[in-house]
Amino acid sequence: MKLRSKSSSLVALAFVTCFTASGCSVQADNKEGKEAGQQDTTSAIRIVVNSLGVIFPEGMNENNNPYLAYIERNTGVHVGVTLPPLNGYDEKLNVMMTSGDPPDLLNTSSPSWFINFVNQKALTPLNDYIDKYGANLKAKIPKEAWDNVTVDGKIYAIPSLNEVKGTELIYARKDWLDKLGLRPPRTLQEYTTVMKAFAERDPDGNGQKDTYGLSILERLGRTSPFLGAFGVQMNAWYERDGKLVYSGVLPEMKEALAYLHSLYEQDILDPEFPLNKIDVLGEKIASGRVGLYSAAWSDTRSLIAANRKNDPKAEWIPLDFPIGRSGKHGVYSTSNVRSYNVVPLKSQKAESVVKFLDFIAGPGQQNLKLGFENEVWTRAGGKLSIRFDEHIKQGYRGIYGALADTVEPDMTRDRLKALGEPFQLYENLQQIEGNLMENRFNGPPTPAMGKHQVKLSKLQEETFTRMIAGMSPLEEFDDFVKKWKEAGGDEITGEVNEWWRDNGKQPGK
């Protein structure tokens, strides 16, 4: 297969369009495994959650499975679940929020979506409900996470926590390195040499130029280690002269974009990157067209495992993070809040929603993280053992567990180690956590973010993509900075620094 030419990629980029998510509705409430009389219909709630892309076993769905039945039996809350399409997810939530009969719980990972509806006074303050019905939530969610969902003293969401502190590290095909006589790279210059060889020297030995030196995702996804070599990350705030400055307008970002553009110009970077959704990138990895990329810590048991299955000779190894000319390196750190669970002001079911989430965060956490004991896992002599086939089959449980995830370090360690040494999941996290770049703004999303963040993010994504793909000159970066500031960036910066001052973060205060 020949690589798509740059010209055709640019045409595709120019004409790519956004699609609005199709309609969705709450499915029937009949569920297997429920005991008659367990649910009080006055406690019935309708929830809208992210499917996480999981697949249900045959005969089951989001409203008919043992894990939802388990939650309902233990809470007395009857739950109707809607899973909107992943593409356009937040847009679908917008439609639901503005309807005359919104659901009782909506889950989003977007801070700007959350604060936008706070600004509109469309969400229910949850303080009293949490005090009465959220003992586990109060015990397991730290103050800094509550601070992220509190505006003027009112809690407008129940946060789900990020179990991991970072996501990305670079994996490469060691068998390709060995075949081409290359050592694992360490500096950014060495990385460039390796990626150029992977693109040009036929590492898969099929006589065709059909491999990429580097492939990334649309919207500059999976670029974090390369940005880190320039001392910057996407969507972060760094201290400069006692003030917080947005990463996207820093000179270091311009340098990072220039580097990625140079990879594109040398035919090292996948020219189709503007169209690479995760499933597209996954297919390229699984089919053996990619031998080096910034992987998620869990990719070793998904995308990389798929490639190993297709090609038993494939040997993947983690690499040290690339070091830039100034000695900088690292990857982005995740926010402590993974997602926001909100209750529309029109809902009358805040009590039941809190009870539902409190169980997930508390007594239900182990089963929702590990699966049912003796079905998915057992423990003997203090060591956890997992039946991998059942772990995968029952993976849909994560849809519910992710709604009120908490940080359980011992459980995380035991689970990841039990999933098998070939995947190196726990070791991947350890490597990432030793190379995090701190985002200095960790407060709640500001009011101006609710007004401007969506359009600013779109402006940034489009501008940066065009610069890398050569559709706009690198000099356009300065024009982007001006537009970003005028379109609300300065207002956001002012609010971020007000938070910075109020929280005593400035030196000498």
Side-chain angles (χ1 to χ4, degrees), residues 1-4 50-58 86-87 164 167-179 184 194-195 198-199 202-206 208-219 221-225 269-273 275-319 371 376 386-399 402 415-429 431-432:
M1 179 182 294
K2 293 184 178 180
L3 295 179
R4 178 182 295 185
N50 194 312
S51 72
L52 308 178
V54 303
I55 298 174
F56 286 87
E58 185 176 354
L86 292 178
N87 290 332
V164 301
T167 302
E168 294 182 35
L169 77 167
I170 296 181
Y171 260 83
R173 290 277 297 263
K174 184 178 184 299
D175 55 313
W176 285 13
L177 291 170
D178 292 344
K179 179 179 179 179
V194 166
M195 292 186 294
F198 280 7
D202 192 24
D204 59 353
N206 68 353
Q208 300 181 48
K209 190 177 180 181
D210 60 353
T211 53
Y212 301 108
L214 173 68
S215 192
I216 63 177
L217 289 174
E218 61 176 351
R219 302 177 181 177
R222 300 298 179 88
T223 60
S224 179
L269 178 62
D270 175 5
E272 299 174 333
F273 80 89
L275 306 177
N276 278 350
K277 297 186 182 299
I278 186 60
D279 57 333
V280 176
L281 177 61
E283 188 279 328
K284 291 176 179 179
I285 294 165
S287 63
R289 297 168 65 193
V290 174
L292 183 151
Y293 80 112
S294 184
W297 63 272
S298 58
D299 278 0
T300 46
R301 72 175 183 93
S302 55
L303 308 185
I304 290 174
N307 175 244
R308 284 173 165 162
K309 183 177 181 181
N310 292 333
D311 181 2
K313 299 188 300 295
E315 182 182 358
W316 290 82
I317 58 171
L319 301 180
V376 176
I386 292 178
R387 290 181 57 192
F388 192 67
D389 57 340
E390 284 297 321
H391 170 78
I392 295 297
K393 181 180 178 181
Q394 299 184 27
Y396 66 87
R397 66 186 181 273
I399 291 175
R415 183 178 82 251
L416 297 183
K417 284 184 172 294
L419 286 172
E421 290 302 321
F423 300 124
Q424 298 291 301
L425 298 176
Y426 188 68
E427 290 75 9
N428 287 348
L429 286 181
Q431 183 173 349
I432 292 168

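Treat the numbers as computed from the prediction; the structure is a model and nothing was measured.
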Nearest-0.5 Å distance that lies between atom [atom1] in [X] and atom [atom2] in [Y]:
{"X": "Y426", "Y": "L416", "atom1": "OH", "atom2": "CG", "result": "8.5 Å"}
{"X": "I285", "Y": "S215", "atom1": "CD1", "atom2": "OG", "result": "7.0 Å"}
{"X": "I170", "Y": "Q431", "atom1": "CD1", "atom2": "CD", "result": "9.5 Å"}

Worksheet entry | Derivation of the side-chain contact (heavy atoms from CB on, under 4.5 Å) call for K417 and E427 | CA-CA 9 Å; K417 284 184 172 294; E427 290 75 9; 3.5 Å; yes
Discussion item. For Y396 and F56, take the angle between the two ring planes, folded into 0 to 90°, and tell me which bin it lands in: parallel under 30, tilted 30 to 60, perpendicular over 60.
Written reply: tilted
Worksheet item: Is the backbone of E218 close enough, under 3.5 Å, to the side chain of N276 for a donor and an acceptor to pair up by distance?
Response: no
Worksheet item: Is a donor on one side and an acceptor on the other found under 3.5 Å between the side chain of D270 and the backbone of Y212?
Response: no
Side chains of [X] and [Y]: donor-acceptor distance under 3.5 Å anywhere?
{"X": "W316", "Y": "N307", "answer": "yes"}
{"X": "D202", "Y": "T211", "answer": "no"}
{"X": "E168", "Y": "S294", "answer": "yes"}
{"X": "R397", "Y": "H391", "answer": "yes"}

Looking at every non-hydrogen atom in both residues, tell me the closest pair between [X] and [Y] and how far apart they are.
{"X": "W297", "Y": "L425", "result": "O-CD2, 3.5 Å"}
{"X": "L319", "Y": "P184", "result": "CD2-CB, 3.8 Å"}
{"X": "S298", "Y": "S302", "result": "O-OG, 3.5 Å"}
{"X": "I216", "Y": "G221", "result": "CB-O, 3.4 Å"}
{"X": "A286", "Y": "N310", "result": "O-ND2, 2.9 Å"}
{"X": "L419", "Y": "F388", "result": "CD2-CD1, 4.0 Å"}

Does a salt bridge link [X] with [Y], judged by any charged N lying under 4.0 Å from a carboxylate O?
{"X": "E315", "Y": "R308", "value": "no"}
{"X": "K277", "Y": "E283", "value": "no"}
{"X": "D175", "Y": "K179", "value": "no"}

Less than 4.5 Å apart, any side-chain heavy atom of [X] and any of [Y]?
{"X": "Q424", "Y": "P318", "result": "no"}
{"X": "S51", "Y": "L86", "result": "yes"}
{"X": "L217", "Y": "I278", "result": "yes"}
{"X": "V280", "Y": "L275", "result": "no"}

Worksheet entry | I55 CD1: over 12 foreign heavy atoms closer than 6.0 Å | no
Practice prompt. Return the set of residues passing side chain to side chain donor-acceptor pair (under 3.5 Å) with N428 (not counting sequence neighbours), or none when no residue passes.
Written response: Y171
Worksheet, complete the sentence: D204 meets the side chain to side chain donor-acceptor pair (under 3.5 Å) criterion, sequence neighbours left out, with N206
Practice prompt. Check the pair R173 / D311 against salt bridge (Lys or Arg N to Asp or Glu O under 4.0 Å), numbers first and verdict last.
Written response: CA-CA 12 Å; R173 290 277 297 263; D311 181 2; 3.3 Å; yes
Worksheet entry | Partner set under side-chain contact (heavy atoms from CB on, under 4.5 Å) for E390, not counting sequence neighbours | V376, R387, K393, Q394
Worksheet item: So, do F198 and Y293 have ring centers that fall under 6.0 Å from each other?
Response: no
